[in-house]
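Scroll down for the structure; my scribbles are underneath it.
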Amino acid sequence: MKAKIILILFLAATIAFSCAENQGQSNENPAVENTLKSVSLFLDTVSVDAQELKESAERINAAIDSIGYPDAGYQIWEVVSSDSLNFKFMVEGYWPDQSTYDTIHQHQLYQDAMQQEEALWQRLQQNWYYRFESID
């Protein structure tokens, strides 16, 4: 009986310690709120594969992550509405703030990644580019 009580206490202490440790980790690494967006709309007159664009964005995002900003980067959207003015793709950039945007875009790893992907993106015709800030 004593062995069972000791085992139960040991398991309870282990679970409590594990929960406390996980709580500490979540407080140390809070999620970053992105307050800046960039949106680009592209025409596709040469039939670029959507999956190819997605993989390109993932490679650029990997560079951004390696710089230290995993909560920033790009997401590719394919335009599906019939009144899209012939736009085929939207690229959404999400950034914690203007300072982080500038830091990322000036970093050599980002510039190298963009240069490696440049030939693909130049096949598309970019017509619109906008940046948005959240209203606090």
Side-chain angles (χ1 to χ4, degrees):
M1 182 72 170
K2 276 186 173 181
K4 285 183 181 179
I5 292 173
I6 291 172
L7 179 60
I8 290 170
L9 290 174
F10 174 76
L11 290 174
T14 302
I15 292 169
F17 179 76
S18 176
C19 289
E21 192 175 330
N22 288 337
Q23 285 177 341
Q25 288 175 351
S26 65
N27 289 337
E28 292 173 7
N29 299 313
V32 173
E33 179 182 348
N34 292 315
T35 62
L36 183 68
K37 298 270 185 206
S38 60
V39 175
S40 299
L41 294 173
F42 290 91
L43 292 173
D44 181 12
T45 58
V46 295
S47 298
V48 173
D49 179 49
Q51 186 63 31
E52 192 177 1
L53 290 177
K54 181 181 178 202
E55 290 167 0
S56 175
E58 288 170 352
R59 289 187 292 271
I60 295 167
N61 288 343
I64 294 168
D65 189 24
S66 69
I67 296 168
Y69 297 98
D71 294 323
Y74 297 101
Q75 183 170 5
I76 309 301
W77 298 84
E78 190 166 13
V79 179
V80 294
S81 66
S82 61
D83 61 345
S84 65
L85 302 174
N86 297 321
F87 291 109
K88 179 70 175 176
F89 299 106
M90 180 187 81
V91 177
E92 175 189 28
Y94 42 98
W95 317 100
D97 53 39
Q98 183 64 51
S99 176
T100 302
Y101 175 94
D102 293 340
T103 298
I104 290 168
H105 283 72
Q106 293 168 5
H107 198 283
Q108 192 63 47
L109 289 174
Y110 174 83
Q111 292 176 4
D112 291 346
M114 291 300 287
Q115 185 176 19
Q116 290 174 359
E117 303 300 326
E118 184 177 18
L120 172 64
W121 290 95
Q122 284 188 346
R123 292 170 48 200
L124 296 171
Q125 182 181 349
Q126 181 178 5
N127 280 47
W128 291 357
Y129 174 81
Y130 294 100
R131 290 206 339 228
F132 303 88
E133 290 184 349
S134 68
I135 300 171
D136 295 325

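- Annotation: side chain of V46 is in contact with side chain of D44 (closest heavy-atom distance under 4.5 Å).
- Side-chain atoms of N127 and Q125, non-hydrogen and from C-beta on, do get closer than 4.5 Å to each other.
- Atom OG of S38 sits about 8.0 Å away from atom CD of E92, to the nearest 0.5 Å.
- Of the inter-residue distances, the one linking L41 atom CG with N86 atom CG reads 12.0 Å to the nearest 0.5 angstrom.
- Ring-plane geometry between H105 and Y74 is classed as perpendicular, the angle between the planes exceeding 60 degrees on a 0 to 90 degree scale with a lower cut at 30.
- Between I64 and G73, the closest heavy-atom pair is CD1-CA, 3.7 Å.
- Looking at every heavy atom in both residues, R123 comes nearest to S47 through NH2-O, 4.4 Å.
- Contact check for V91 versus W77: no side-chain heavy atoms found under the 4.5 Å cut-off.
- The shortest side-chain heavy-atom distance between V79 and K88 does not fall under the 4.5 Å cut-off.
- Looking at every heavy atom in both residues, L53 comes nearest to I76 through O-CG1, 3.9 Å.
- Residue-environment remark: CD (Q126) exceeds the threshold of 12 foreign heavy atoms within 6.0 Å.
- To the nearest 0.5 Å, atom OH of residue Y94 and atom OG1 of residue T100 are 14.0 Å apart.
- Note that NZ of K37 and CD of E133 are 13.0 Å apart. Values are rounded to the nearest 0.5 Å.
- Annotation: side chain of R59 is not in contact with side chain of Q116 (no heavy-atom distance under 4.5 Å).
- For the pair N34 (side chain) and A72 (backbone), a donor-acceptor distance under 3.5 Å is absent.
- With values rounded to the nearest 0.5 angstrom, I60 atom CD1 is found 14.0 Å from D65 atom CG.
- Aromatic ring pairs are classed by plane angle as parallel below 30°, tilted from 30° to 60° and perpendicular above 60°; the pair Y130 and W128 is perpendicular.
- No side-chain heavy atom of M114 sits under 4.5 Å from any side-chain heavy atom of Q111.
- Heavy atoms of other residues, nucleotides or ligands lying less than 6.0 angstrom from CD of Q51 number more than 12.
- The ring pair (Phe, Tyr, Trp, His ring centres under 6.0 Å) test applied to F42 returns W121, not counting sequence neighbours.
- Under the 4.5 Å side-chain criterion, counting only non-hydrogen atoms from C-beta, W95 is not in contact with R131.
- Partners of F89 under the ring pair (Phe, Tyr, Trp, His ring centres under 6.0 Å) rule, at least two apart in sequence or in another chain, do not exist in this structure.
- Linking Ile, Leu, Val, Met, Phe, Trp and Tyr residues whenever their side-chain heavy atoms come within less than 4.5 Å places L43 and M90 in a single cluster.
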- Working for side-chain hydrogen bond (donor to acceptor under 3.5 Å, both in side chains), residues Q108 and D112: CA-CA 6 Å; Q108 192 63 47; D112 291 346; 2.7 Å; yes

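- Taken to the nearest 0.5 Å, the OG atom of S66 stands 4.5 Å off from the CG atom of L109.
- Of all the heavy atoms in T103 and Y69, the pair that sits closest is CG2-OH, 3.9 Å.
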